[in-house]
Amino acid sequence: MSYDLEHDSANRSTVGVFRAARQFWWMVVVTLTVGTGLGLGYSSLQETLYEGSARILLTTSNDPDTDATRNPERRLANEVERLRSPEVVEEAAAVLADGTTPGAIRSALSVSGGGDVDLIKLVVSRPSADEAAAWANATLEAYQTVVVRSARASIQQEVDELVSARDGLTQQISTANARIGEIRNAAEAQAREVYRFAEDIRADVELRIEADPEYNQLAAQVESDELALADTQAQIASATNRLNLADAGVEVAETARVPTSPAQPQPARNAAVGGVIGLLIGVALAWWRADALAPVDGRRAAQVLEAPQYGVLPTRRGLSSGGAIDLAATSPFAGAGRVVATALAHRTLAEPSVTILVSSVWRGEGRT
């Protein structure tokens with residue numbers, strides 16, 4: 001006879017979780033106590049750390065041509081990385097000016113950003129509450145200093161390039177005007193030779209220089225360069241104004257306050273987590289133990305024993321009335337007995353040598 005373990009697992013009688021927990025309450029209490037103790041023990045092993053937290057809300061640019069407007073998520077990610085950069089932590093160490101190394105600040109610093117607004121949160125974890133707040137505020141100040149410095153350097157480079165372009169245009173215009181003067185002087189000398197006694201030779205001079213290709217080319221170049229020079233001067237004025245107004249791009253900077261309680265350890269939280277885990281483990285163990293000890297229903301005993309079943313006799317507890325069992329020929333007990341006897345008779349006719357075992361789970365169930 002084959003035995004289907006999966007079928008038996010699905011059909012055997014099981015004990016409810018709450019009933020199992022009541023039955024093996026001591027097991028649940030033990031695992032709950034152990035879990036709580038482990039949580040408290042873990043808390044005792046943790047280093048005491050305080051967290052200084054500061055927040056930065058970045059400004060939103062109104063210029064549609066800026067990268068911050070076109071791709072705000074990229075800007076936020078870049079600023080988060082800037083806060084972790086060596087330049088910022090080195091500046092923070094300089095702000096503290098107490099011998100703190102940039103590496104120590106960077107190892108204690110945690111930066112995150114995201115959400116619906118361009119908000120950056122920086123957290124510094126230190127054994128001292130005052131130190132945690134001081135390091136966080138120094139990092140916040142260093143970030144703004146670095147951003148302003150970087151912006152000024154970028155704008156200053158732009159101004160220097162524009163000034164260089166302006167000087168080049170000015171020199172180019174000056175050289176062209178000098179050559180135009182030479183051409184005009186030559187035209188006047190030629191006109192004077194032709195018209196020695198004329199009082200006014202300007203018309204002839206103008207005709208001569210207008211017919212000169214080099215003069216026309218230089219005049220057009222000077223006109224174009226003067227327009228470019230005026231545009232460059234306007235760009236220099238705009239860049240200089242931006243240089244004077246350069247800021248950190250921070251709308252709100254919320255400094256860190258001295259924390260009143262440590263971020264770790266948290267004994268109450270760790271004990272609660274350990275207790276919950278222990279409770280769940282205890283309930284699971286109690287259910288498993290109660291289920292393993294639960295009596296098997298007679299109708300499924302054959303599957304568990306891997307043996308043929310010839311019948312099931314009702315339990316004594318279900319049949320007794322006042323301590324006596326009804327053995328009349330028409331009683332349920334007698335009927336079940338006849339079914340078993342008939343099955344055994346057929347079995348013994350087919351195989352004369354047969355060993356029969358009558359068993360039950362608990363005492364008093366009618367084996368005798």
Side-chain angles (χ1 to χ4, degrees), residues 1-42 271-368:
M1 179 179 179
S2 63
Y3 176 62
D4 190 348
L5 180 61
E6 181 179 356
H7 181 269
D8 176 67
S9 299
N11 291 280
R12 65 176 295 183
S13 60
T14 59
V15 179
V17 173
F18 294 104
R19 180 181 174 185
R22 287 195 303 268
Q23 182 179 356
F24 294 95
W25 60 268
W26 57 270
M27 188 178 295
V28 177
V29 171
V30 168
T31 55
L32 173 62
T33 304
V34 171
T36 303
L38 289 176
L40 292 173
Y42 175 72
V273 172
V276 170
I277 295 175
L279 177 65
L280 294 177
I281 294 175
V283 170
L285 290 175
W287 178 84
W288 171 79
R289 184 61 177 166
D291 185 67
L293 295 178
V296 178
D297 190 294
R299 289 166 294 182
R300 289 185 290 274
Q303 295 177 345
V304 177
L305 297 175
E306 299 185 22
Q309 178 174 301
Y310 299 108
V312 177
L313 296 177
T315 62
R316 177 179 179 180
R317 188 178 295 107
L319 294 174
S320 63
S321 177
I325 298 178
D326 185 6
L327 298 179
T330 57
S331 68
F333 190 84
R338 284 193 294 271
V339 171
V340 173
T342 302
L344 289 175
H346 285 288
R347 176 70 175 180
T348 55
L349 289 175
E351 299 180 14
S353 178
V354 176
T355 300
I356 300 173
L357 170 67
V358 179
S359 67
S360 62
V361 177
W362 306 109
R363 294 181 178 181
E365 290 193 345
R367 287 191 306 277
T368 305

Handout entry: Residues forming a side chain to side chain contact (heavy atoms under 4.5 Å, CB included) with Phe18, sequence neighbours excluded
Key =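 Result, side chain to side chain contact (heavy atoms under 4.5 Å, CB included) vs Phe18: Arg22.
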Practice task
Quick one: list whatever passes side chain to side chain contact (heavy atoms under 4.5 Å, CB included) with Val283, sequence neighbours left out.
Solution key: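 Result, side chain to side chain contact (heavy atoms under 4.5 Å, CB included) vs Val283: Val17, Val28, Leu279.
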Exercise for the section: Please report the closest heavy-atom contact between Ala20 and Trp287, naming both atoms and the distance. Expected result: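 Result for this residue pair: CB-CA, 3.5 Å.
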Exercise for the section: Would you name the heavy atoms of Met27 and Ala286 that are closest together and state the gap between them? Expected result: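 Reported closest heavy-atom pair: SD-N, 3.6 Å.
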Would you list the atom pairs, donor with acceptor, under 3.5 Å between side chains in residues 32-39 and any protein atom, with sequence neighbours excluded?
from: Thr33; atom 1: OG1; to: Val29; atom 2: O; distance (Å): 2.7
from: Thr36; atom 1: OG1; to: Leu32; atom 2: O; distance (Å): 2.9

Practice task
Mind checking the OG1-CD1 spacing from Thr31 to Ile277? Nearest 0.5 Å is all I need.
Solution key: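 One gets 11.5 Å once the value is rounded to the nearest 0.5 Å.
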